[in-house]
Amino acid sequence: MSELLIKNAHTILTMDDARRELRGADVLIRNGEIVETGQRLTTVGRTITAGGCVVTPGLVNTHHHLYQTLTRAVPGGQDALLFGWLQTLYPIWSHFGPQEMFTSTQVGLAELALSGCTMTSDHLYLFPNGSTLDDTIAAALEVGLRFHPTRGAMSIGESDGGLPPDALVEEERSILEDSIRVVDRFHDPGPEAMVRVGLAPCSPFSVSRELMRDAALLARDKGVMLHTHLAENDEDIAYSLEKFGCRPGQYAEDLGWVGEDVWHAHCVKLDSAEIDLFARTRSGVAHCPCSNCRLGSGIAPVRKMRDAGVRVGLGVDGSASNDAGNLIGEARQAMLLQRVARGADAMSAREALEIATRGGAQVLGRGAECGQIRKGFRADIAIWDVSGVESAGSWDPAALLLAGPTRVRDLIVEGREIIRDGQFENFDLAATVAKQNVLAQKLAERI
Ligand SMILES: [Zn+2]
């Protein structure tokens with residue numbers, strides 16, 4: 001039996017159904033599960049003293065392309081719109097191999113962990129030079145976050161009128177075969193799962209209608225989730241109307257891409273009927289505010305979505321279009337962006353934190369066991385030291401989003417301390433960052 005006690009926290013923001021906030025309270029963890037919250041708890045295991053700290057559920061990232069940490073701030077892509085940005089980066093990504101995938105994934109995961117993230121999805125949709133989803137899963141096991149990799153895909157290359165170069169696309173049959181392989185090998189449906197695999201054709205403009213439909217059928221057959229990019233910007237809507245003769249929501253519905261087991265990234269341009277469709281079908285949205293700002297895509301109607309009952313989580317999106325991967329920063333940006341669109345009362349700090357925690361867990365199909373500090377839930381917890389300069393003078397735990405800090409003091413995943421006093425426990429961050437910088441330089445020399 002392993003136990004861990006978080007003792008005497010300044011405030012615990014539980015994000016449970018009553019949204020309880022506990023002052024001067026403790027959390028007892030046993031074998032990876034939260035077994036009790038309250039005062040004067042004791043343990044036979046280790047105690048983490050949390051005076052001067054705000055304790056929250058671990059944040060959940062619902063959209064990322066971790067490999068892109070190797071292509072941050074690439075000069076030709078810094079100021080381009082989505083399609084131009086992609087055309088700058090595709091040739092660079094075509095030089096990636098297993099080592100690039102592994103190291104860039106670890107850097108992205110470490111960056112997320114430091115910003116309070118305990119569970120993340122990843123959308124990998126290109127597999128050049130022998131790289132596989134396995135590379136990213138091996139990387140995640142070392143860092144220690146709960147990982148939901150999705151087997152992405154692109155099948156329409158330049159010669160077929162698509163956007164990506166032919167070297168980066170795959171045959172649809174081999175996409176489906178490899179999807180079956182990675183699900184059978186890695187997917188764990190259990191409540192304690194550290195790895196769950198999803199299926200994720202890249203976007204309606206990079207795969208065929210048939211592959212979208214086949215992926216949906218396969219996902220349902222295997223009991224795994226579906227993910228893609230949808231309605232990201234005006235170009236995306238225009239493409240859908242021209243090529244498919246309908247809006248993205250209709251396209252998704254026709255192909256089986258709505259439901260509780262589906263979540264779509266961005267959805268900046270959903271109209272009222274599409275928001276109703278998402279609410280009715282319980283389809284999820286990965287809201288990526290920094291990426292939407294960075295690429296000038298627009299402001300997603302998150303207020304409207306939430307009011308309609310759409311399940312919304314947060315995503316930092318790929319590091320080539322953010323370029324940061326700071327999830328608590330993303331929650332702050334989500335709050336600010338709704339206020340730009342609709343005024344200062346459009347979204348509170350607490351609501352943004354809710355979206356970042358229990359909201360994300362629901363979107364990834366983990367709402368019954370993750371995203372809350374509550375008896376019987378998995379022990380995924382972030383501890384924020386609010387006694388420092390960033391939040392000095394603050395009157396309320398909302399300071400976490402309104403002021404700071406933006407890095408955790410401690411991070412616990414499945415009852416294990418991943419970060420203690422700001423340092424990784426079992427992962428060499430400095431060596432990984434050094435490796436990543438060497439890889440980036442080598443790529444730059446080849447371009
Ligand atoms: Zn994306």
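Each ligand, and each atom within it, is numbered from 1 in the order the structure gives.
Legend: residues meeting salt bridge (Lys or Arg N to Asp or Glu O under 4.0 Å) with Arg220, ordered by chain and number and at least two apart, are Asp261. Applying the ring pair (Phe, Tyr, Trp, His ring centres under 6.0 Å) test to His148 and every residue at least two apart in sequence or in another chain returns nothing.
At a cut-off of 2.8 Å, His229 is counted among the residues with an N, O or S atom near the Zn ion (ligand 1). Put simply, His266 stays out of reach of the Zn ion (ligand 1), with no N, O or S atom under 2.8 Å from it. For the Zn ion (ligand 1), the set of nearby N, O or S atoms under 2.8 Å includes none belonging to Cys288.
Taking the six-membered ring for Trp, His229 and Phe205 have ring centres at least 6.0 Å apart.
Closest approach between the Zn ion (ligand 1) and any N/O/S atom of His63 involves NE2. When the N, O or S atoms of Asp317 are ranked by distance to the Zn ion (ligand 1), OD1 comes first.
Tyr125 pairs in a ring pair (Phe, Tyr, Trp, His ring centres under 6.0 Å) with only one of the listed residues (His227, His64, His65), which is His65.
No more than 12 heavy-atom neighbours from other residues, nucleotides or ligands sit within 6.0 angstrom of NZ on Lys304.
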